[in-house]
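Notes follow the structure.
Only a predicted model underlies this, so the values are computations on that prediction, with no experimental measurement involved. Just so it is clear, the values below take in all heavy atoms, side chains as well, and ignore hydrogens, waters and symmetry mates.
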Protein chains: 2
Amino acid sequence: MKRNTWQREAVREALDATDGFISAQSLHSALHASGSPIGLATVYRALGDLTASGDADCLQSPEGEAIYRACSTGHHHHLICRNCGLTVEIAADEVEAWAHRVAGEHGFTRAAHVVDVFGLCAECSRALDADR
Amino acid sequence: MKRNTWQREAVREALDATDGFISAQSLHSALHASGSPIGLATVYRALGDLTASGDADCLQSPEGEAIYRACSTGHHHHLICRNCGLTVEIAADEVEAWAHRVAGEHGFTRAAHVVDVFGLCAECSRALDADR
DNA sequence: CTTGGTTGTGACAATCATTATCAATAAGCT
DNA sequence: AGCTTATTGATAATGATTGTCACAACCAAG
């Protein structure tokens with residue numbers, strides 16, 4: 001049976017309150033900072049449950065941490081500056097559809113996809129061009 | 001000054017010879033298996049240099065490892081089985097065009113992109129469903 | 001209310017990828 | 001060949017994540 005504990009609620013609320021992505025570690029720190037004596041392992045478990053039940057999405061940050069977000073606002077991808085790290089969120093409905101179509105064509109199921117565009121943002125482009 | 005060592009060459013060649021993405025750990029294992037006594041740290045360093053100089057691309061796999069690929073001329077994308085590692089090459093002209101368009105819309109230049117779809121191939125899907 | 005069974009928790013150990021350290025080695029110049 | 005210094009590689013350190021397990025919290029029934 002699935003039980004409702006204040007810890008799980010705390011994680012869900014903290015995730016809902018967060019705009020965008022947050023790492024498990026940061027979430028744990030944030031909860032601690034606001035007084036919850038919740039354990040780190042519990043945060044990981046709660047996040048795992050949330051993603052398993054589809055209430056949260058999980059992906060890997062460029063820094064190699066797993067980052068999570070409440071799965072309400074629809075899912076998007078990222079445009080990342082190779083130089084300064086600036087990240088712009090981009091919608092990718094076409095790519096979304098495409099990914100599922102190709103996966104299906106090859107008999108794949110449970111398709112997840114990694115769609116990220118790396119480049120140089122306007123500012124860094126200027127800065128680097130000046131260097132040459 | 002930049003020196004040329006056989007280790008660096010070995011890493012570059014191993015990466016070129018690899019079709020698709022490979023993790024640093026796997027690359028190290030592969031090199032060891034084919035007789036190179038190259039050190040793990042050196043593989044990481046070489047991969048870091050290659051990505052810094054634009055000869056390789058790096059992204060995070062869903063399993064949390066950093067995976068690399070040679071950033072060569074002809075490029076295609078991959079459909080990768082999370083379970084058995086089967087890799088299918090896929091063409092992605094639409095995505096290609098899309099990536100450049102969004103990058104441009106946000107002022108980004110020198111856009112590279114990472115588009116890969118992870119899932120379960122037909123066989124593994126069946127195997128895992130039988131488990132439940 | 002109490003008992004019993006079960007699930008969730010949390011401190012800590014274990015694991016895994018990656019990075020830092022540092023003495024020994026070898027590349028490239030003269 | 002000899003010198004200078006970047007590079008290597010064994011290993012330790014780090015940091016995120018997962019596993020373990022005794023204990024506490026929860027629910028239902030008596």
Verify the cluster assignment for Leu50(A) and Tyr44(A): are they in a single hydrophobic cluster under the rule of side-chain heavy atoms below 4.5 Å apart?
-> no
Starting at atom NZ of Lys2(B), determine the distance to atom C1' of dT4(D), rounded to an integer number of angstrom.
-> 18 Å
To the nearest 0.5 Å, tell me how far Glu13(B) CD sits from Ser34(B) OG.
-> 10.5 Å
Please determine, by modelled atom types, if Ser26(A) and Ser29(A) share a side-chain donor-acceptor pair under 3.5 angstrom.
-> no
Go through the steps to decide whether Trp98(A) and Val95(B) satisfy the test side-chain contact (heavy atoms from CB on, under 4.5 Å), and finish with yes or no.
-> CA-CA 8 Å; Trp98(A) 168 84; Val95(B) 178; 3.4 Å; yes
When every nucleotide of nucleotides 14-26 of chain C is labelled 5' to 3' by its protein contacts under 4.0 Å (heavy atoms), B for base, S for sugar-phosphate only, - for none, what sequence of letters results?
-> ---SBBB-----B
Quick one: label Thr42(B) by what it contacts on the DNA or RNA (base, sugar-phosphate, nothing), any heavy atom closer than 4.0 Å.
-> base
Report yes if the side chains of Ile22(A) and Leu15(A) come closer than 4.5 Å at any heavy-atom pair, otherwise no.
-> yes
Could you check whether Asn4(B) gets within reach of a base, just the sugar-phosphate, or nothing at all, counting any heavy atom under 4.0 Å?
-> sugar-phosphate
Residue Trp6(A), side-chain atoms from C-beta onward, closest of dG8(C), dG9(D), dG10(C) = dG10(C)
Which whole-number value in Å describes the distance from Glu9(B) CD to dT8(D) C1'?
-> 16 Å
Would you say the side-chain atoms of His32(A) pair up with the backbone N or O of Ile38(A), donor to acceptor, closer than 3.5 Å?
-> yes
When rounded to whole Å, the CZ to C1' distance for the pair Arg8(A) and dC26(D) reads 12 Å
Calculate the interatomic distance between Leu31(A) atom CG and dG10(C) atom P; express it in whole Å.
-> 11 Å
Contact under 4.0 Å: Gln7(B) side-chain N or O vs dG9(D) OP1/OP2 | yes
Distance in angstrom units between His28(A) NE2 and dC12(C) C1', rounded | 13 Å
